[in-house]
Undergrad: 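Please find one structure pasted underneath; my questions will follow.
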Number of protein chains: 2
Amino acid sequence: MVFKSAGNFYQKHKQVILYGVSLAVLLFVLKWIELRFLIIDHIIEVYSGAIALVFTGLGVWLAMKLTTPKVERIIVEKEVYVTADADFTPNETERLRLGISGRELEVLQLVAEGLSNQEIASRLFVSLNTVKTHSSRIFEKLEVKSRIQAVERARRLRLIP
Amino acid sequence: MVFKSAGNFYQKHKQVILYGVSLAVLLFVLKWIELRFLIIDHIIEVYSGAIALVFTGLGVWLAMKLTTPKVERIIVEKEVYVTADADFTPNETERLRLGISGRELEVLQLVAEGLSNQEIASRLFVSLNTVKTHSSRIFEKLEVKSRIQAVERARRLRLIP
DNA sequence: TTCAAAATCATACTTTCGGGTGATTTTGCA
DNA sequence: TGCAAAATCACCCGAAAGTATGATTTTGAA
């Protein structure tokens with residue numbers, strides 16, 4: 001975690017750090033050359049340079065510590081289409097009139113969700129044949145010939161949402 | 001423009017600037033008190049303090065300048081409720097986005113009416129194979145696996161009533 | 001308890017759907 | 001005019017859907 005952050009920081013400010021290090025090395029070399037001759041005379045410059053470096057670092061640290069991170073907030077609105085049939089109430093009357101049993105309605109609902117007969121069988125823990133039997137009866141009672149027509153008709157009759 | 005930027009900068013880094021100014025004032029006052037007596041003896045400390053202040057400022061400025069703003073992307077799902085089919089207007093935008101051609105949409109509408117592929121073929125005066133090709137492409141584009149799911153999805157996307 | 005309706009499952013068969021591949025023609029736009 | 005997209009069609013294959021028939025078990029109400 002710490003290493004990762006450090007690496008991240010390094011990556012982000014590579015140039016600055018390299019620049020700083022290079023500068024420091026350069027100054028060090030130059031100073032070292034002159035050091036034995038000039039250190040006495042230029043003690044103040046060396047001292048000032050050190051202070052400058054340290055306090056530049058302090059300034060950077062301060063800024064990092066104290067400024068709230070700049071955050072650009074981009075809000076992307078993603079449209080989700082929803083049909084507003086929250087107020088659906090199943091038409092029990094129609095169901096009884098057509099003689100559609102509870103289990104058949106269950107199957108019908110799953111058909112309407114786009115499930116295959118096999119998927120419906122698994123969902124209801126019954127065999128594929130059972131589902132086929134149910135759906136066949138549904139088609140008879142709704143007087144249709146395919147599952148799509150059944151769904152269409154059941155929707156019109158408010159049997160399913 | 002310049003003033004605006006300056007004001008903006010001040011607003012963003014209010015605390016830092018105030019901190020710096022306060023520190024400067026404090027040091028100035030302290031120094032001023034001792035100044036007349038000690039300035040000669042403590043010229044190096046004054047000099048160092050000035051350098052420290054200036055380079056702390058430089059450090060802060062550097063940090064401000066170089067930190068990359070963090071970008072936070074927030075995706076908000078905005079639910080768009082659509083009413084039932086009386087005021088249906090086909091969602092042309094969505095159709096084009098999905099790359100569904102005009103003929104494909106025609107087939108899709110007939111599928112939604114519960115017609116078999118053969119019936120659709122007769123209705124459109126084309127061969128059964130053509131209808132199959134169209135419907136296969138529709139399933140791909142709508143990312144579904146059956147005609148029922150296709151109708152379901154197309155309704156949600158307002159491609160069909 | 002009895003009995004009809006509902007629910008379950010099976011087997012066999014036909015039709016339809018859907019995927020994959022490849023090809024040709026039509027059309028609208030640059 | 002040339003080209004890419006759209007539209008058309010064919011053939012094959014496997015999976016899924018649908019039909020028909022018959023049977024057994026569960027269940028709920030009379």
Side-chain angles (χ1 to χ4, degrees), chain A residues 90-157 159-160, chain B residues 90-157 159-160:
Chain A
N91 190 339
E92 192 74 3
T93 310
E94 199 66 20
R95 186 179 78 84
L96 294 176
R97 191 180 70 78
L98 295 170
I100 293 174
S101 73
R103 198 60 158 171
E104 284 163 358
L105 186 63
E106 262 185 281
V107 171
L108 183 55
Q109 285 166 340
L110 295 178
V111 167
E113 286 180 23
L115 301 190
S116 69
N117 285 342
Q118 182 56 65
E119 288 170 331
I120 295 171
S122 303
R123 187 78 74 89
L124 298 180
F125 303 106
V126 297
S127 80
L128 174 60
N129 291 308
T130 302
V131 176
K132 283 186 174 187
T133 305
H134 283 318
S135 59
S136 276
R137 293 208 179 289
I138 293 168
F139 298 159
E140 285 173 20
K141 291 170 183 174
L142 290 179
E143 296 173 339
V144 296
K145 302 198 75 62
S146 74
R147 53 211 291 116
I148 286 226
Q149 289 175 359
V151 171
E152 192 70 12
R153 186 146 172 68
R155 287 240 166 79
R156 289 228 179 281
L157 297 174
L159 294 174
I160 55 176
Chain B
N91 190 339
E92 193 74 3
T93 310
E94 198 67 18
R95 187 180 77 85
L96 294 176
R97 192 180 69 78
L98 295 170
I100 293 174
S101 74
R103 198 60 159 170
E104 283 163 358
L105 186 63
E106 261 186 283
V107 171
L108 183 55
Q109 286 164 341
L110 296 178
V111 167
E113 288 180 21
L115 302 190
S116 70
N117 285 341
Q118 182 55 65
E119 288 169 330
I120 295 171
S122 303
R123 188 77 73 88
L124 299 179
F125 303 106
V126 296
S127 80
L128 174 61
N129 289 308
T130 302
V131 176
K132 283 186 174 185
T133 305
H134 284 318
S135 59
S136 276
R137 293 208 179 290
I138 293 169
F139 298 159
E140 284 174 19
K141 290 170 182 174
L142 290 179
E143 294 173 340
V144 295
K145 301 199 78 62
S146 73
R147 52 210 293 115
I148 287 224
Q149 290 175 358
V151 171
E152 190 71 12
R153 184 145 174 69
R155 287 241 164 79
R156 286 227 181 283
L157 297 175
L159 295 174
I160 55 177

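Labels below follow one simple rule: chain letters A, B, ... track the order of the sequence lines, proteins then strands, and each chain is numbered from 1.
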Undergrad: Using the side-chain contact (heavy atoms from CB on, under 4.5 Å) rule, pick out the option among A:Leu159, A:Ile160, A:Leu157 that qualifies with A:Arg95.
TA: A:Leu159
Undergrad: Atom CD of A:Gln118 and atom P of D:dA17: how far apart are they, to the nearest Å?
TA: 9 Å
Undergrad: Please round to the nearest 0.5 Å and tell me the distance separating atom NZ of B:Lys145 and atom CG of A:Leu115.
TA: 14.0 Å
Undergrad: In degrees, rounded to 10°, what is the bend between the two ends of the helix from C:dT1-D:dA30 to C:dA30-D:dT1, using five pairs at each?
TA: 60°
Undergrad: Kindly write out the residues that satisfy side chain to side chain donor-acceptor pair (under 3.5 Å) with B:Arg153, not counting sequence neighbours, or none if the list is empty.
TA: none
Undergrad: In whole angstroms, how far is the C1' atom of D:dA17 from the CD1 atom of A:Ile148?
TA: 12 Å
Undergrad: Counting only N and O atoms by type, is there a donor-acceptor contact under 3.5 Å from the side chain of B:Ser135 to the main-chain atoms of B:Val131?
TA: yes
Undergrad: By a strict heavy-atom criterion of less than 4.0 Å, which residues belonging to residues 119-130 of chain A are in contact with DNA chain D?
TA: none
Undergrad: Without swapping roles, check the side chain of A:Ser136 against the backbone of A:Thr133 for a donor-acceptor pair under 3.5 Å.
TA: no
Undergrad: Please tell me if B:Asn117 has a side-chain N or O lying less than 4.0 Å from either OP1 or OP2 of C:dC17.
TA: yes
Undergrad: With a 4.0 Å limit, can you tell me whether B:Ser136 has a side-chain N or O closer than that to the phosphate oxygens OP1/OP2 of C:dG18?
TA: no
Undergrad: Between B:Arg155 and A:Glu152 (salt bridge meaning N to carboxylate O under 4.0 Å), is one present in this structure?
TA: yes
Undergrad: Judged by each residue's nearest nucleotide on DNA chain C, which is more toward the 5′ side, B:Lys145 or B:Arg137?
TA: B:Lys145
Undergrad: State whether the distance check finds a donor on one side and an acceptor on the other, under 3.5 Å, for side chain B:Ser116 versus base C:dC17.
TA: no
Undergrad: Output the single nucleotide from D:dC9, C:dC17, C:dT8 whose closest atom is nearest the side chain of B:Thr133.
TA: D:dC9
Undergrad: Any sub-3.5 Å donor-acceptor pair from B:Lys141's side-chain atoms to B:Gly99's backbone N or O?
TA: yes
Undergrad: Can you tell me the distance, in whole Å, between the NZ atom of B:Lys141 and the P atom of C:dG18?
TA: 16 Å
Undergrad: Ignoring hydrogens and angles, tell me if any N or O in the side chain of B:Glu140 forms a donor-acceptor pair with the backbone of B:Arg137 under 3.5 Å.
TA: no
Undergrad: As a test of understanding, state which of B:Glu119, B:Glu106, B:Arg147, B:His134 forms a side-chain contact (heavy atoms from CB on, under 4.5 Å) with B:Val111.
TA: B:Arg147
Undergrad: Hey, does the side chain of A:His134 come within less than 4.0 Å of C:dT8's phosphate (OP1/OP2), counting only N and O?
TA: yes
Undergrad: Counting only side-chain heavy atoms from C-beta out, which of C:dA7, D:dT19, D:dA17 sits nearest to A:Arg147?
TA: D:dA17
Undergrad: Atom CG of B:Leu110 to atom P of C:dC17: distance rounded to whole Å?
TA: 13 Å
Undergrad: Over all strands shown, is B:Ser135 touching base, sugar-phosphate only, or nothing at heavy-atom distances under 4.0 angstrom?
TA: nothing
Undergrad: Nearest whole angstrom, please: distance from the P of C:dC17 to the CD1 of B:Ile138.
TA: 13 Å
Undergrad: Please give, in whole Å, the distance from D:dA6 P to B:Leu98 CG?
TA: 13 Å
Undergrad: May I have the distance from B:Arg103 (atom CZ) to C:dG28 (atom C1'), rounded to whole angstrom?
TA: 16 Å
Undergrad: The side chain of B:Ser101 lies closest to which of these nucleotides: C:dG18, D:dA6, D:dA17?
TA: D:dA6
Undergrad: What distance separates A:Leu105 CG from A:Glu92 CD, expressed to the nearest 0.5 Å?
TA: 8.0 Å
Undergrad: In whole angstroms, how far is the C1' atom of C:dG18 from the NZ atom of B:Lys132?
TA: 7 Å
